[in-house]
There are 2 protein chains.
Amino acid sequence: METDTGALPKKQDFSEWYNEILWRAEIMDVRYPVKGLYVWFPYGFAIRKFVYQHLRELLDRDHKETLFPLLIPEQEFMKEAEHIKGFEDEVYWVTHGGTTPLEVKLALRPTSETAIYPMFALWVRSHADLPIKIYQIVNTFRYETKQTRPLIRLREITSFMESHTVHATWDEAEIQVESEIALTREFYRNLCIPIIISKRPDWDKFPGADYTIAVDAIMPNGKTLQIGTVHHLGNHFSRTFNIQYEDKNGEQKEAYQTCYGISERCIAALISLHGDDKGLILPPTVATFQVVIVPITIGKRHEDVLAAAGKLKNDLENAGLRVTLDTRDLRPGAKYYWWEIRGVPLRLELGPRDLDSGKAMAVTRTGEKTTICLANAAEDTTSILTGITDAIRAKAGEHTKSHLCTTHTMDGLDIALNEGKVAVVHWCRDRTCGDTIEEKANSSLLGTEVRSEYIEATDGPCIICGKPGKATLVGRTY
Amino acid sequence: METDTGALPKKQDFSEWYNEILWRAEIMDVRYPVKGLYVWFPYGFAIRKFVYQHLRELLDRDHKETLFPLLIPEQEFMKEAEHIKGFEDEVYWVTHGGTTPLEVKLALRPTSETAIYPMFALWVRSHADLPIKIYQIVNTFRYETKQTRPLIRLREITSFMESHTVHATWDEAEIQVESEIALTREFYRNLCIPIIISKRPDWDKFPGADYTIAVDAIMPNGKTLQIGTVHHLGNHFSRTFNIQYEDKNGEQKEAYQTCYGISERCIAALISLHGDDKGLILPPTVATFQVVIVPITIGKRHEDVLAAAGKLKNDLENAGLRVTLDTRDLRPGAKYYWWEIRGVPLRLELGPRDLDSGKAMAVTRTGEKTTICLANAAEDTTSILTGITDAIRAKAGEHTKSHLCTTHTMDGLDIALNEGKVAVVHWCRDRTCGDTIEEKANSSLLGTEVRSEYIEATDGPCIICGKPGKATLVGRTY
Ligand SMILES: [Zn+2]
Ligand SMILES: [Zn+2]
């Protein structure tokens with residue numbers, strides 16, 4: 001691969017840092033010859049694997065994994081009017097098979113409602129068939145005309161988890177929405193990513209939904225990144241696609257639905273929030289390698305050290321840890337640099353003197369030094385990794401807290417946003433006031449019903465008209 | 001879901017049996033509104049998950065998993081002349097984003113050589129970068145004009161494992177081909193699927209390859225199903241895509257390549273070879289559930305039995321087994337039937353008398369009865385499952401052996417093929433003789449250099465011209 005030269009841009013120059021870290025840490029290759037499409041390097045793919053493995057574990061508690069086709073026939077795709085409006089400009093169309101024009105154009109799914117719901121209409125017959133809770137992790141496509149950005153704004157979203165549920169009543173669907181939010185909280189807690197939950201304003205909800213609950217993270221530059229959405233679909237799609245069930249009294253009823261998505265933006269947030277001037281910092285849960293062992297074999301006792309390093313690797317792997325042993329013919333300093341930029345949470349250094357003392361030097365990715373006892377290596381290492389996870393989570397929490405504020409004036413809002421913050425203001429929920437906030441502050445009204453451990457959501461007079469208002473999240477978004 | 005009524009067609013009516021088992025055992029829903037596209041039911045998806053998890057484990061020993069874009073720009077796709085000829089009639093083209101015609105047409109990958117190799121050209125610089133061994137498991141697309149068939153002939157192949165390697169020399173690439181063949185043998189051995197390996201004739205090799213080694217299985221109706229291919233690509237693609245490396249002497253050299261694929265046809269073979277008149281028979285390695293526990297709670301001691309069944313489930317799950325406990329309000333007979341058609345390898349029945357004796361009745365999917373000791377449940381069950389795996393493998397091996405024969409005359413070949421067999425004949429490797437064999441016997445010349453534990457490959461006079469010939473596999477194929 002490429003030779004790794006030159007310094008990484010400082011994290012405070014976030015855009016440059018982000019672009020560089022992606023290839024320097026071997027996450028993605030951006031040189032694929034189509035705009036908005038990227039290649040996962042093996043090292044980055046492993047992070048993706050562990051992230052989605054974790055998401056699957058959470059979903060498998062009460063959803064079932066399945067797989068629907070990528071190609072959606074035009075007539076199905078065009079059935080739900082709101083939905084079409086939301087997607088018609090950005091759908092890729094397959095029009096030819098070989099040199100033959102297709103009789104029916106096929107859409108590459110931008111999301112799978114219109115692929116899945118015709119099947120739900122066949123699957124749902126009686127109340128006994130409900131609820132249905134399925135998910136799939138698939139590639140989806142958007143013809144983005146805006147600037148594309150790896151993991152953030154893509155033409156092929158390679159890793160879209162979409163969950164779809166069907167329920168007997170509106171209320172049951174609402175309970176499901178809350179259950180998906182709880183799942184998302186747990187997922188992001190394990191990735192050490194602080195989130196803010198809010199209800200998107202009506203004009204920004206999912207096309208065809210009753211309402212949309214969104215999950216945002218605050219990126220290093222203060223912009224928000226939407227990293228999850230849960231939609232209460234009401235009976236919009238069940239009417240369109242004729243998803244009905246016979247209730248206990250033999251009556252035909254319309255079903256109610258939810259859908260819910262998390263894309264590889266979760267990995268964009270993971271990389272961006274935790275990394276520093278030296279490179280990636282990966283939380284142990286999803287790190288490609290949790291531990292790198294660097295044998296220090298300068299001079300004598302070369303074989304002894306290598307044997308001990310091999311044994312240490314085995315001991316840790318037997319305890320379920322992901323470990324790499326770096327035996328390359330490079331100076332230790334070059335190896336340290338190599339693994340720092342790739343974000344390995346813990347480095348263990350093992351030299352001749354360590355063998356004598358039965359210990360190894362342990363250095364965390366952020367430079368804290370301690371030792372582990374070789375006779376108790378797995379337990380000592382696991383305990384250090386737990387501490388690392390806590391520290392990463394705490395640091396990201398502080399970042400988020402310090403980038404959130406409450407303000408009561410438009411001037412205050414402007415200042416907050418220009419300082420790279422996300423603000424909570426009071427808003428009366430009137431569209432005109434909402435538009436004024438967005439235009440004057442060159443911002444997005446992210447949502448109401450703000451739920452976050454990082455800021456309190458109170459009531460107060462609308463920042464524009466002074467009528468009673470609710471806490472509303474305002475920021476500049478990706 | 002649908003009510004399960006009526007008898008399954010007999011396995012000897014293989015085509016009907018296959019179509020019915022797919023939805024009766026909840027593998028795939030064939031009602032998706034586009035020809036050649038199918039939906040994985042959750043039960044079938046789990047089989048797919050375990051099959052590909054197993055394949056990943058084998059590949060991860062010395063390949064790295066990665067992920068490349070689905071969309072290939074026309075100019076890259078059109079670079080390799082042989083390759084285009086092989087695929088131009090069956091490639092889906094994306095021509096529009098929204099209502100805007102694309103400047104460059106994009107192909108949906110039918111296979112990923114032309115997506116991956118431009119990147120290999122960037123990745124390979126020096127001999128120190130070699131070998132490269134990567135794989136991905138992705139959806140691929142073929143505009144099939146022939147009759148489509150779930151898992152066998154598809155327009156969206158949902159589960160294509162494709163491995164791609166780069167080497168310094170032709171010989172190293174050949175060693176890699178053999179290594180992939182060994183991996184494939186191990187994979188299919190664990191699925192209990194007997195395979196026959198041969199070298200495809202030149203006119204049937206992969207477009208752009210030096211040679212193609214294929215893996216075939218003999219289906220219940222005697223037709224062969226190609227369930228894996230390994231290709232030595234020589235330097236065809238490295239020339240086209242400019243994949244070069246600097247050797248130790250500073251000279252620029254062309255690289256040599258292999259690629260290798262296994263699709264969801266492996267699951268078609270799994271279903272077809274092992275199933276019987278009562279339904280699926282799943283080998284424990286990849287079964288959605290390896291064990292179903294049916295509590296017999298008719299009459300008294302209802303709670304005791306349920307508690308014991310719950311404990312049994314826990315004991316087995318703690319030992320790593322996949323278990324379902326069927327507490328539905330149905331007669332035991334209905335449950336037996338339900339799980340038989342779905343191919344669960346082992347059923348444990350637990351009633352009041354079993355509690356007293358500390359045992360449970362164990363019934364294999366093919367009807368063998370024994371008991372397990374509740375105090376030793378995990379060990380006893382694991383041991384029965386091992387026996388089941390061996391029996392499934394042996395039965396499939398017998399099927400394969402009995403459907404293979406050697407013949408020395410065209411009449412004998414005709415008879416063998418009409419009896420639903422696959423034959424080994426001697427062939428001089430001359431194209432004219434090959435065409436004559438295929439035309440006269442309405443068959444396919446599958447390959448030479450036959451490797452199989454089920455039949456001996458000897459030399460002998462060509463079945464057409466009488467010149468010296470080599471053992472050659474001839475059959476009727478899917
Ligand atoms: Zn207002
Ligand atoms: Zn001949």
Side-chain angles (χ1 to χ4, degrees), chain A residues 1-3 29 31-34 37-46 48-49 64-73 75-76 88-100 102 104-106 108 115-116 118-119 122-123 125 129 134 136 138-139 141 143-145 155-156 158-159, chain B residues 1-3 29 31-34 37-46 48-49 64-73 75-76 88-100 102 104-106 108 115-116 118-119 122-123 125 129 134 136 138-139 141 143-145 155-156 158-159:
Chain A
M1 315 241 168
E2 303 288 313
T3 319
D29 198 322
R31 295 171 293 175
Y32 191 77
V34 182
L37 305 184
Y38 307 97
V39 175
W40 285 93
F41 281 124
Y43 190 82
F45 187 85
R48 174 191 186 269
K49 179 170 76 174
K64 285 181 172 163
E65 189 168 0
T66 181
L67 190 53
F68 285 76
L70 169 70
L71 302 173
I72 305 174
Q75 73 276 16
E76 297 295 336
E88 65 187 349
D89 289 341
E90 52 184 37
V91 170
Y92 279 110
W93 291 103
V94 179
T95 58
H96 287 72
T99 53
T100 313
L102 299 179
V104 176
K105 281 200 297 180
L106 300 168
L108 300 193
I116 296 177
M119 303 309 292
L122 300 170
W123 292 3
R125 288 274 166 271
D129 297 324
I134 58 117
Q136 61 179 5
V138 294
N139 49 353
F141 294 81
Y143 179 62
E144 287 288 352
T145 47
R155 289 186 164 183
E156 176 175 7
T158 66
S159 322
Chain B
M1 315 244 168
E2 303 288 313
T3 320
D29 197 324
R31 294 171 294 175
Y32 190 78
V34 181
L37 305 184
Y38 307 97
V39 176
W40 285 93
F41 281 123
Y43 190 82
F45 187 85
R48 174 189 185 272
K49 180 170 76 174
K64 284 180 173 166
E65 190 169 359
T66 182
L67 189 54
F68 285 77
L70 169 69
L71 302 173
I72 305 173
Q75 72 276 17
E76 297 296 335
E88 65 186 349
D89 289 341
E90 52 183 37
V91 169
Y92 278 110
W93 289 103
V94 179
T95 58
H96 287 73
T99 52
T100 313
L102 299 179
V104 175
K105 281 200 297 181
L106 300 168
L108 300 192
I116 295 176
M119 303 309 292
L122 300 170
W123 293 2
R125 286 275 167 273
D129 297 324
I134 57 117
Q136 61 179 5
V138 295
N139 50 353
F141 294 82
Y143 179 63
E144 286 288 351
T145 46
R155 289 186 163 181
E156 177 175 5
T158 66
S159 321

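The sequence lines fix the lettering, A, B, ..., with proteins before strands; numbering per chain opens at 1. All heavy atoms count here, side chains included; hydrogens, waters and symmetry mates do not.
To the nearest 0.5 Å, atom CG of residue B:L106 and atom CG of residue A:L108 are 9.0 Å apart. Atom-to-atom distance recorded for A:F45:CZ and B:Q136:CD is 8.5 Å, nearest 0.5 angstrom.
Ranked by non-hydrogen atom pairs under 4.5 Å with chain A, the options B:V91, B:I134, B:T145 are led by B:V91. Ranking A:P69, A:P33, A:P73 against chain B, the residue ahead of the rest is A:P69, based on heavy-atom pairs under 4.5 Å. Chain A forms the most heavy-atom pairs under 4.5 Å with one residue out of B:I116, B:V104, B:D89, and that residue is B:D89. Among B:K64, B:E90, B:E88, B:M119, the residue making the largest number of heavy-atom pairs under 4.5 Å with chain A is B:M119. Per-residue heavy-atom pair counts under 4.5 Å with chain B were compared for A:G44, A:P118, A:A115, and the maximum is reached by A:A115.
Each of B:D29, B:V39, B:L37, B:T158 was checked for a side-chain contact (heavy atoms from CB on, under 4.5 Å) with A:F68, and the lone residue meeting it is B:V39.
Taking both residues in full, the closest heavy atoms of B:Y143 and A:L102 are given as CE1-CD2, 3.6 Å, listed atom of the first, atom of the second, then distance. Residues B:K49 and A:E65 share a closest heavy-atom pair of CD-OE1, 4.4 Å. The minimum heavy-atom distance between A:Y32 and B:I72, with the atom names listed, is OH-CA, 3.7 Å.
With a 4.5 Å cut-off on non-hydrogen atoms, A:A46 does not touch chain B at all. Both the backbone and the side chain of B:L71 come within less than 4.5 Å of a heavy atom in chain A. Looking at B:R155, neither its backbone nor its side chain comes within 4.5 Å of chain A, counting heavy atoms on both sides. Looking at A:Y43, there are no atoms closer than 4.5 Å to chain B (heavy atoms on both sides), in backbone or side chain. A:N139 touches chain B through its side chain: at least one heavy atom from C-beta onward sits under 4.5 Å away, while N, CA, C and O do not. In this structure, chain B has a heavy atom under 4.5 Å from the side chain of A:T100, while its backbone stays farther away.
The closest side-chain heavy-atom distance from A:F141 to B:V94 is not below 4.5 Å.
Judged purely by atom type and a 3.5 angstrom limit, A:E156 uses its side chain to pair as donor or acceptor with the backbone of B:L70.
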